[in-house]
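From a predicted model like this one, the values you see are computed outputs, not experimental measurements.
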Amino acid sequence: MVTLELILQVLAAAIATACFSLLFGVPPRYAPFSGLIGGSGWLFYLLFAGITTATIATFLSTCCVILMSRWFAVFKRCPVTIFLIAGIIPLVPGASTYWAAYYIVSGKLPLASYKGFEALKLAVAIVLGIVFVFEIPEKFFHIGLKKRRPKTIKEEI
């Protein structure tokens, strides 16, 4: 069942990702695509988190984000990092890292180690998702796209 909270979270992730992409220096024409990728990644995370652990949900949603990033990079003829870096932002374990640092400062080392290990697991899940999807050959992302030939000088005039 789709709830208002889920829709708002996905919309917030999409807007935040688009804004971060502009802050990161992505050309404005690619910001909506980055937002779509970030929002989709967060949607996949929320859906997977309901049926599995946070680590596996992060891994699976990272795979979805990277697949979309690679496809948009081929479709828009630009580097994949334009979409990858901005699109992965909603999945970065910032809260776990914050709480780990907070518990260290507070002197609660057992809680700090728990949250730190949680952040480490999520970061490794993101890295593995990126590595696994980048092992897919690029030719698979060209499927369904018409082969565009470059315009000649006569056609441009």
* Structure fact -> Value for OG1 (Thr55) from CD (Glu118), rounded to nearest 0.5 Å, stands at 7.5 Å
* Could you pull out the closest heavy-atom pair between Gly38 and Ala13, with the gap in Å? => O-CB, 4.2 Å
* Asked: Taking only residues two or more places apart in sequence or in another chain, which ones pass side-chain contact (heavy atoms from CB on, under 4.5 Å) with Ala73?
  -> Val80, Phe83
* Who pairs with Gln9 by side-chain hydrogen bond (donor to acceptor under 3.5 Å, both in side chains), at least two apart in sequence or on another chain? -> Glu5, Trp42
* **Partner residues of Leu11 under the side-chain contact (heavy atoms from CB on, under 4.5 Å) criterion, sequence neighbours left out** => Ile15
* Considering all heavy atoms of both residues, which atom of Ala86 and which atom of Ser21 are nearest to each other, and what is their separation? -> CB-CB, 3.6 Å
* Spacing of SG belonging to Cys63 relative to CD1 belonging to Ile136, to within rounding of 0.5 Å -> 8.0 Å
* To do: Specify the closest pair of heavy atoms between Val10 and Gly39, including all atoms of both residues, with the distance to one decimal.
  => CG1-O, 3.5 Å
* Honestly curious: do Leu122 and Leu84 fall in one hydrophobic cluster under the side-chain, below-4.5 Å linking rule? -> no
* Asked: Excluding sequence neighbours, so at least two apart, what forms side-chain contact (heavy atoms from CB on, under 4.5 Å) with Ile126?
  -> Thr58, Thr62, Ile88, Leu91, Pro93, Ile130
* Asked: Any chance OH of Tyr103 has more than 12 other-residue heavy atoms, nucleotides or ligands included, within less than 6.0 Å?
  -> yes
* Verdict with reasoning, Ile85 to Val26, per side chain to side chain contact (heavy atoms under 4.5 Å, CB included) -> CA-CA 10 Å; Ile85 294 173; Val26 171; over 6 Å; no
* To do: Indicate if Phe48 and Ile66 have the same hydrophobic cluster label, given that clusters are the connected sets of ILVMFWY residues with side-chain heavy-atom separations under 4.5 angstrom.
  => no
* Atom pair CG (Leu128) and CZ (Phe132), whose distance is rounded to the nearest 0.5 Å -> 5.0 Å
* Asked: What class does the angle between the rings of Tyr102 and Trp99 fall in, given that below 30° is parallel, 30 to 60° is tilted and above 60° is perpendicular?
  -> perpendicular
* **Rounded distance [0.5 Å steps], SG in Cys78 versus CZ in Arg29** => 8.0 Å
* Asked: Same hydrophobic cluster for Phe44 and Leu67, using side-chain heavy-atom links shorter than 4.5 Å among ILVMFWY?
  -> no
* To do: Could you grab the distance from atom CZ of Phe75 to atom CZ of Phe33, nearest 0.5 Å is fine?
  => 7.0 Å
* Structure fact -> side-chain hydrogen bond (donor to acceptor under 3.5 Å, both in side chains) filter on Ser40, not counting sequence neighbours, yields none
* Structure fact -> dist Leu60:CG -> Thr52:OG1 (nearest 0.5 Å) comes out at 7.0 Å
* Do Val133 and Ile56 belong to the same hydrophobic cluster, where Ile, Leu, Val, Met, Phe, Trp and Tyr are linked whenever their side-chain heavy atoms lie under 4.5 Å apart, directly or via other members? -> no
* **Leu36 side chain reached by Thr17 side chain, heavy atoms, under 4.5 Å** => no
* List the atom of Ser34, the atom of Ile82, and the distance in Å for their closest heavy-atom pair. => OG-O, 3.7 Å
* Asked: With a 4.5 Å heavy-atom cut-off, do Phe134 and Arg70 have their side chains touching?
  -> yes
* Asked: If you look at every heavy atom in Ser96 and Ala119, which pair is closest and at what distance?
  -> CB-CB, 3.7 Å
* Do Met68 and Leu47 belong to the same hydrophobic cluster, where Ile, Leu, Val, Met, Phe, Trp and Tyr are linked whenever their side-chain heavy atoms lie under 4.5 Å apart, directly or via other members? -> yes
* With sequence neighbours excluded, residues passing salt bridge (charged side-chain N to carboxylate O under 4.0 Å, His left out) with Lys121 -> none
